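Note that the coordinates shown come from a computational prediction; the quantities given were computed from them, not determined experimentally. Numbering starts at 1 and runs along the sequence shown. Just so you know, ligand 1 is whichever comes first in the structure, and atom 1 is the first atom listed for that ligand. Every heavy atom of this structure was used, including side-chain atoms; hydrogens, water molecules and symmetry mates were not.
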Amino acid sequence: MGVVGAGGFGLYALQHFTQIPGVTLAGMAGTHREAAFAVAQRFGIPDIEDIDTLVGRPDVDLIYIATPPFLHHEQAMKALRAGKHVICEKPLAMTLAQADEMIALAKQKHVALIANLMQRYNPLYEIIRELIESKVLGEFLHGYFENYASDEGLGPQHWFWDRTKSGGIFIEHGVHFFDMFAGWLGQGEAVSAQRTIRPGTNLEEQVNCTVRYRDGMLVNFYHGFTQPNRMDRQEFRLLFELGDVTLEEWVPIRARVHAAVDERRTQKLMNLFQRARLDIAQVYGGRTREVFSRHKTSDIYQLADLHWGDEVEKMHRYGELLRSVMRDQVRWIYDRTHERKLTEKNGRDSLALAVQATDLADGKEAAPLATAEAA
Ligand SMILES: NC(=O)c1ccc[n+]([C@@H]2O[C@H](COP(=O)([O-])OP(=O)(O)OC[C@H]3O[C@@H](n4cnc5c(N)ncnc54)[C@H](O)[C@@H]3O)[C@@H](O)[C@H]2O)c1
């Protein structure tokens with residue numbers, strides 16, 4: 001593989017991507033900044049080339065793009081025209097028109113084009129998907145994601161704050177979470193969105209939106225880049241008829257379940273959240289087993305609290321997800337019958353929702369959502 005623009009995240013990602021058998025970093029293109037030279041040293045790359053040379057190399061099959069978002073379209077198009085597979089940092093592009101053009105070319109060239117939405121490979125992503133589908137805690141009713149993110153490394157001149165370069169917070173960052181919830185609930189539609197400008201500046205520092213999913217279910221997404229590094233923290237909450245689940249960290253690693261369950265549901269929960277610590281807060285018998293909500297009766301044996309994932313090291317899990325992205329795509333490159341977890345559709349549909357939320361927050365009328373299938 002070759003990499004375009006290895007900065008803060010690039011080196012971290014590359015060290016995981018290159019652990020996959022068959023993957024070697026063969027060359028780099030970039031702006032010759034100090035960080036890029038550090039990456040070159042780490043991989044013994046003799047020099048930094050320009051992108052046209054890199055994508056033209058016959059010994060390069062795949063290009064990893066880790067530049068700021070406004071460059072993704074132009075650089076991915078160069079790689080695709082040269083017939084290379086592309087793993088692009090999120091977001092896939094800045095606009096849907098760009099994303100569609102890129103996907104059309106990737107299809108024509110029979111190559112992969114994915115945005116690095118690595119959350120799909122998180123074991124907690126699968127556990128929650130099963131929890132929702134199996135209805136162990138009844139119907140899913142409501143959710144939120146609260147992101148109290150650090151801006152300590154983001155000086156006022158950083159490209160992150162320049163919406164012509166980053167696309168704004170929904171597009172640059174929100175796509176990870178739009179993609180996860182789409183995997184859990186199907187594609188949603190933004191129904192309201194707001195943004196807050198840091199007083200005395202023109203920097204967008206907080207955004208919020210509500211997304212409606214099937215059966216009218218509402219999920220709220222908040223992102224604020226306002227915290228010192230050591231206070232960076234996130235929480236997902238998913239509410240069901242018979243309990244709720246809280247996930248901690250933006251790459252979720254820990255889960256807490258609070259549930260009113262009978263014996264059968266307790267067993268199913270323990271199967272889903274394997275090796276969780278189970279605390280019993282209350283036990284019911286006889287007529288006190290019967291509870292009533294949403295005009296329905298349920299049979300409840302106990303109030304259960306599960307703790308899962310206390311032993312997981314966050315950065316190790318993050319690295320594991322990156323290895324999984326590359327392993328899955330490489331398998332597909334060699335065997336086109338392999339079904340990938342992350343496809344072109346994830347990059348496009350997460351961007352579609354982010355663009356919609358951005359438009360609503362800007363007070364524009366948001367275009368109706370066109371998903372990858374519709375396009
Ligand atoms: N998937 C994830 O979890 C994750 C995490 C962090 C960042 N990211 C994404 O990674 C991308 C890069 O973010 P970062 O934090 O590493 O940014 P960064 O500013 O640290 O690095 C960007 C790199 O691109 C290079 N660059 C700039 N202009 C270029 C050009 N014209 N041609 C070639 N290289 C150029 C810079 O020199 C720098 O090395 C963004 O899209 C960001 O959203 C993804």
> Going by the angle between their ring planes, with limits at 30° and 60°, are F292 and H295 parallel, tilted or perpendicular?
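The rings of F292 and H295 sit tilted, inter-plane angle from 30° to 60°.
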> So, are R323 and E320 salt-bridged, with charged N and O less than 4.0 Å apart?
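No, no charged N to carboxylate O under 4.0 Å.
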> Return a yes/no value for G8: is any of its N or O atoms, backbone included, closer than 3.5 angstrom to an N or O of ligand 1?
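Between G8 and ligand 1 (N or O atoms, distance only) the closest approach is under 3.5 Å.
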> Check ligand 1 against H72 and write out every atom of the ligand that is under 4.0 Å from a heavy-atom position of the residue.
41 (O)
> Can you sort out which atoms of ligand 1 are near G30, meaning under 4.0 Å from one of its heavy atoms?
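Answer for ligand 1: 33 (C), 34 (N).
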> What is the distance from atom CG of L137 to atom NZ of K268, rounded to the nearest 0.5 Å?
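Spacing of CG (L137) from NZ (K268) equals 11.0 Å.
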> Using a heavy-atom cut-off of under 4.0 Å, does the side chain or the backbone of A6 touch ligand 1, or both, or neither?
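Within the 4.0 Å criterion, A6 contacts ligand 1 through backbone atoms alone.
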> Any non-hydrogen atom of W159 lying under 4.0 Å from ligand 1?
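Per 4.0 Å heavy-atom rule, W159 contacts ligand 1.
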> Quick one: does F160 get within less than 4.0 Å of ligand 1, heavy atoms only?
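F160 does not count as a contact of ligand 1 under the 4.0 Å cut-off.
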> Could you tell me, atom by atom, which parts of ligand 1 come under 4.0 Å of a heavy atom of H176?
1 (N), 2 (C), 3 (O)
> Is there a heavy atom of W250 sitting under 4.0 angstrom from any atom of ligand 1?
yes
> Within ligand 1, which atoms have a heavy atom of Y318 less than 4.0 Å away?
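Counting atoms of ligand 1 from 1, those under 4.0 Å from Y318 are 2 (C), 3 (O), 4 (C), 5 (C).
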> Looking at ligand 1, does any of its N/O atoms fall within less than 3.5 Å of an N/O of T67?
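Looking only at distances, the answer is yes, because the N/O contact criterion of under 3.5 Å is met.
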> Give me the ring orientation class for F221 and Y213: parallel if the planes are under 30° apart, tilted from 30 to 60°, perpendicular past 60°.
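Tilted.
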> Please test F225 against H173 for ring-ring contact (aromatic ring centres under 6.0 Å, His included), starting from the C-alpha separation and ending with a verdict.
CA-CA 11 Å; F225 285 75; H173 200 64; 5.4 Å; yes
> Should you measure from each heavy atom of M118, which atoms of ligand 1 turn up under 4.0 Å away?
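Heavy-atom distances to M118 below 4.0 Å select 1 (N), 3 (O).
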> May I ask which of A38, C88, A66 has a heavy atom nearer to atom 12 (C) of ligand 1 than the others do?
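Comparing heavy atoms across A38, C88, A66, the nearest one to atom 12 (C) of ligand 1 lies in A66.
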> On the ring face of W161, is R163 found with NZ or CZ under 6.0 Å from the centre and within 45° of the axis?
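Verdict for W161: no cation-pi partner in R163.
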> I'd like to know whether ligand 1 has P68 as a neighbour, heavy-atom separation below 4.0 Å.
yes
> Can you find a pair of side-chain heavy atoms, one from D179 and one from H176, that are under 4.5 Å apart?
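With C-beta onward as the side chain, the pair stays apart.
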> Are the charged groups of K84 and D61 less than 4.0 angstrom apart, N to O?
no
> Any atoms of ligand 1 less than 4.0 Å from a non-hydrogen atom of P69? List them with their elements.
41 (O)
> Is ligand 1 less than 4.0 angstrom away from at least one heavy atom of Q75?
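Right, Q75 reaches ligand 1.
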> Tell me which part of L71 gets within contact of ligand 1: side chain, backbone, both or neither, using heavy atoms under 4.0 Å.
side chain
> Which of the atoms in ligand 1, numbered in the order shown and given with their element, are less than 4.0 Å from a heavy-atom of N116?
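Listed by number with element, the hits are 1 (N).
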> Is any side-chain heavy atom of Q75 closer than 4.5 Å to a side-chain heavy atom of C88?
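Q75 vs C88: side chains apart.
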> Would you check if I63 and L54 make a side-chain contact, meaning some heavy-atom pair closer than 4.5 Å?
yes
> Under 6.0 Å from the ring centre and within 45 degrees of the ring axis: does the NZ or CZ of R340 meet both conditions for the six-membered ring of W332?
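Yes, a cation-pi geometry holds between R340 and W332.
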> On a heavy-atom basis, I'd like to know which of E89, M28, E172, Q119 is closest to atom 42 (C) of ligand 1.
E172
> F9 to ligand 1: N or O pair under 3.5 Å?
yes
> For the residue pair F177 and H223, is the inter-centroid distance of their aromatic rings smaller than 6.0 Å?
yes
